[in-house]
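As the structure is a prediction and not an experimental result, all values here were calculated from the model. Throughout, protein chains are lettered first and strands after them, A, B, ... in sequence-line order, and every chain is numbered starting at 1.
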Amino acid sequence: MKEKMKRLERELKRLEALQADGIDVSEAIDKRKLELKALKVDFPMDAWDRVIKARDAKRPVASQYIESLVEGFMEFHGDRRFGDDPALIGGVGWIGDTAFTILGQEKGVGTKERVKRNFGMLNPEGYRKAQRLMKQAEKFQRPILCLVDTPGAFCGLGAEERGQGQAIAESLTIMAGLEVPVITIVIGEGGSGGALAMSVSDEVWMMENSIYSILSPEGFASILWKDSSKAQEASEVMKITAQDLESFGMVDRVVKEPEEFSIETLPSVIESIREMIVETAAAYQALPVEALLKKRYEKFRAMGKVSEKEGME
Amino acid sequence: MLFKKRTYATIQLPKTKEPFVQTEADPISRGEVIPEGDFHKCPNCGEIFYAEILKTTEGVCQKCGQHLRLGARERIAQITDVFDEFHMRMEETNPLDFPGYEKKLASYRERSQEEEGVITGVAEIAEQRCILAVMDAGFMMGSMGSVVGEKITLAVERAKAEDLPLIIFCASGGARMQEGIYSLMQMAKISLAIEAFSKAGGLYISVLTDPTTGGVTASFAMQGDLIVAEPGTLIGFAGRRVIEQTIRQILPEGFQRAEFLLEKGFVDRIVPRNEMKETLSGILRLHGGIR
């Protein structure tokens with residue numbers, strides 16, 4: 001059905017070009033538009049397909065990226081304040097010949113592991129562990145790679161008691177001032193403030209079928225339309241795909257995925273980005289610190305920029 | 001260049017307490033703001049007052065001490081002696097072409113007679129000059145969209161450029177859903193500005209007022225050098241309902257209130273409304289080196 005939709009869209013484009021050239025094909029255009037509309041009702045929404053892919057249980061998770069991408073990875077634990085959050089993997093290892101600090105939001109594989117990892121939903125101690133390792137990376141002049149894959153920061157009693165909001169706020173502050181390059185790759189779900197807390201970066205990349213949003217489509221539908229079952233519709237209006245974000249200038253690169261993206265096909269993807277990660281980090285590391293910070297500032301400064309209306313009342 | 005352009009009007013606010021009256025429809029019916037009219041019921045204890053009496057108490061219930069929600073203008077009148085507003089008229093945005101958003105914005109503008117959910121300007125508080133941003137919970141739940149984010153960022157940048165202290169009164173239900181990812185990015189944008197201001201040695205006082213939640217809590221509300229809160233203020237990251245659904249438990253009394261956050265170490269001081277001006281001017285003097 002998707003194929004048919006694509007074919008119709010292609011034909012429509014061609015016909016519209018003809019129409020623009022002054023040849024009357026409006027009947028044929030209308031016919032195809034109607035057909036497409038009917039199909040879209042029955043088989044809607046590209047965005048929703050991507051939501052499903054982004055959440056697919058077979059999709060590679062952060063620990064598998066690290067395994068395949070990083071040599072000699074050493075994991076380090078704990079936030080030195082409260083505990084160690086299993087939803088955040090942090091450590092140091094080699095990508096090519098460069099030592100990177102790597103931080104990955106980990107969803108886990110298999111039910112038992114997923115529960116242990118809290119489905120990739122970090123508690124405040126997860127963000128504070130990330131902060132500690134980021135500051136350490138800065139001290140030792142290492143670039144940082146963040147892998148984002150979270151439905152959102154965990155919403156629980158303990159999380160609130162230990163200052164979930166403050167923890168995320170602090171992560172934003174620290175990333176704003178980091179004097180080493182930071183690259184973020186959204187590998188699955190980039191859920192809200194919980195994702196942003198690892199994405200105030202010099203470059204933000206997204207995997208082709210990952211999403212990045214203010215809230216889950218379910219949550220969005222529930223807040224705006226009081227109906228969480230309208231998630232599919234929400235995913236479309238929210239503009240959350242890698243392609244949407246690239247068009248907004250919020251994402252620097254979209255990484256192509258194979259048709260079936262799983263642990264089996266992951267190595268080919270890793271090979272396609274390894275060099276790019278090293279080279280990008282090196283390019284930013286070559287900048288003087290003031291220039292690096294200024295560039296990061298200006299990158300986010302331009303997002304949602306609004307100008308003043310002409311004249312005064 | 002924006003800093004140089006004097007595109008704001010000067011409002012000389014009276015030294016005496018202005019009566020603060022908010023005429024918005026639903027927040028009143030929800031008992032959240034002080035209504036125009038004869039009587040008002042406290043949303044906390046149910047006590048019924050003459051509205052005139054409430055006005056003389058700065059919107060605080062005299063029976064139970066509940067601090068009722070205030071509009072931004074009333075707040076500014078209470079704590080400043082002089083206030084020069086800037087960036088009064090920003091272009092409206094609908095970055096996602098979200099259906100019905102413009103109409104919704106227009107209706108809030110009509111009702112509140114305000115352009116957006118935050119007012120920013122240069123203020124004098126007991127002879128101390130500072131940059132002041134005051135959010136308004138009555139404007140679309142005080143949600144943060146691009147205009148709110150831009151106005152706050154410009155305020156922070158101005159504080160840095162003019163070497164003035166910064167005070168932000170937070171009041172927000174969180175993200176502006178209709179602006180999606182653009183709303184989220186305002187958190188990053190403002191955080192970068194605050195970090196640059198902080199590195200330059202600027203003082204930032206964050207004042208948390210009811211309610212301070214979601215993305216605002218997870219960014220500039222919690223980034224103050226000093227964080228003060230009004231009594232009883234709701235302060236949290238996730239909403240009560242979401243947490244209860246997640247943990248399948250009813251949350252305890254007083255959870256996410258200012259007093260709870262003070263106990264947990266996330267707030268410096270709780271300051272009642274009638275002491276707010278004095279407290280802020282005291283902090284400003286301590287950091288300005290003038291007794």
Side-chain angles (χ1 to χ4, degrees), chain A residues 121 152-177 190 192-197 199-200 212-215 219-220 223-224 237-240 244-245 248 250 293 296-297 299-313, chain B residues 2 5 7 9 87-91 93 95-96 98-99 145-147 149-151 153 175 177-189 191-196 198-199 213-215 217-223 235-239 242-243 246-247 249 251 255-256 261 264-266:
Chain A
M121 293 181 288
F154 187 59
C155 299
L157 192 136
E160 291 287 323
E161 274 182 337
R162 299 193 294 280
Q164 188 70 287
Q166 191 276 339
I168 294 172
E170 179 89 24
S171 283
L172 303 182
T173 301
I174 285 179
M175 293 195 86
S192 192
L196 185 69
S199 307
V200 186
Y212 190 3
S213 62
I214 184 74
L215 190 63
F220 186 94
I223 285 185
L224 266 191
V237 294
M238 287 170 77
K239 313 238 165 79
I240 58 178
D244 289 329
L245 269 82
F248 299 153
M250 291 174 185
L293 291 176
R296 195 182 300 147
Y297 191 97
K299 173 187 171 79
F300 286 90
R301 186 68 188 84
M303 292 180 192
K305 193 151 176 76
V306 190
S307 55
E308 216 139 342
K309 278 185 200 169
E310 289 296 312
M312 285 291 304
E313 271 168 327
Chain B
L2 277 166
K5 223 168 54 185
T7 53
H87 310 301
M88 291 171 70
R89 302 182 74 239
M90 286 272 180
E91 297 282 352
T93 53
L96 304 186
F98 197 87
S146 297
V147 172
E150 184 71 15
K151 283 181 83 170
T153 306
M177 288 300 147
Q178 292 86 346
E179 293 191 24
I181 197 78
Y182 280 89
S183 176
L184 191 70
M185 292 306 158
Q186 302 314 305
M187 293 166 62
K189 186 164 101 180
S191 297
L192 280 151
I194 287 177
E195 171 62 9
S198 180
K199 270 195 177 159
T213 59
T217 301
S219 58
F220 58 92
M222 287 291 163
Q223 289 166 342
I235 307 159
F237 174 64
V242 179
I243 301 170
T246 309
I247 61 172
Q249 284 172 39
L251 291 167
F255 186 71
Q256 291 183 325
L261 272 91
K264 298 290 172 196
F266 290 102

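Side chain of B/Thr246 to backbone of A/Gly156: no donor-acceptor contact under 3.5 angstrom is found. Judged by distance alone, with hydrogens and angles left aside, the side-chain atoms of B/Glu179 form no donor-acceptor pair with the main-chain N or O of B/Phe98 at under 3.5 Å.
Only the side chain of A/Leu293 has a heavy atom closer than 4.5 Å to any heavy atom of chain B. In this structure, chain B has a heavy atom under 4.5 Å from the backbone of A/Ser213, while its side chain stays farther away. Contact of B/Lys151 with chain A is not made at all, since no heavy-atom distance falls under 4.5 Å. There is no contact between B/Phe220 and chain A, counting heavy-atom distances below 4.5 Å. If you measure heavy-atom distances from B/Thr93 to chain A, the contacts under 4.5 Å come from the side chain alone. Interface residue B/Tyr182: backbone and side-chain heavy atoms are both found under 4.5 Å from chain A. In this structure, the portion of B/Ile247 lying under 4.5 Å from any heavy atom of chain A is its side chain and not its backbone. For A/Val200, the part lying near chain B is the side chain, with the backbone staying farther off; criterion is any non-hydrogen pair under 4.5 Å. Heavy atoms of A/Leu245 lying under 4.5 Å from chain B belong exclusively to its side chain. Residue contact with chain B, scored on non-hydrogen atoms closer than 4.5 Å, involves the side chain of A/Met250 exclusively. For chain A, the nearby parts of B/Ala193 are the backbone and the side chain; heavy atoms of each come within less than 4.5 Å.
By the 4.5 Å heavy-atom criterion applied to side chains, A/Gln164 and A/Phe154 are counted as neighbours. At least one side-chain heavy atom of A/Leu157 sits less than 4.5 Å from a side-chain heavy atom of B/Leu251. In this structure, B/Ile235 and B/Phe266 have side chains that are not in contact, with every pair of non-hydrogen atoms separated by 4.5 Å or more. In this structure the side chain of A/Tyr212 reaches within 4.5 angstrom of the side chain of A/Ser199, judged on heavy atoms. The shortest distance between side-chain heavy atoms of A/Leu172 and A/Leu196 falls below 4.5 Å. Side-chain contact check for B/Leu96 versus A/Phe248: some heavy-atom pair is nearer than 4.5 Å. When side chains are defined from C-beta on, A/Ile214 counts as touching B/Met177, because their heavy atoms get closer than 4.5 Å.
Interface remark: of the candidates A/Ala197, A/Ser192, A/Gly219, A/Ser192 forms the most heavy-atom pairs closer than 4.5 Å to chain B. Among B/Gly239, B/Gly214, B/Ser191, the residue with the largest count of heavy-atom pairs under 4.5 Å with chain A is B/Ser191. Interface check for chain B: of the options A/Glu161, A/Arg162, A/Met238, the most heavy-atom pairs under 4.5 Å are formed by A/Glu161. Highest contact tally toward chain A, considering only B/Gly236, B/Ala218, B/Ser146, is held by B/Ala218 [criterion: heavy-atom pairs under 4.5 Å]. Contacts with chain A were tallied for B/Met185, B/Lys189, B/Met222; B/Lys189 has the most, counting heavy-atom pairs under 4.5 Å. Among B/Ile194, B/Val242, B/Leu192, B/Thr153, the residue with the largest count of heavy-atom pairs under 4.5 Å with chain A is B/Leu192.
Taking a cutoff of 4.0 Å between a charged side-chain nitrogen and a carboxylate oxygen, A/Glu308 and B/Arg89 do not qualify as a salt bridge.
Rounded to the nearest 0.5 Å, atoms CZ (A/Arg296) and CD (B/Glu195) are 10.0 Å apart.
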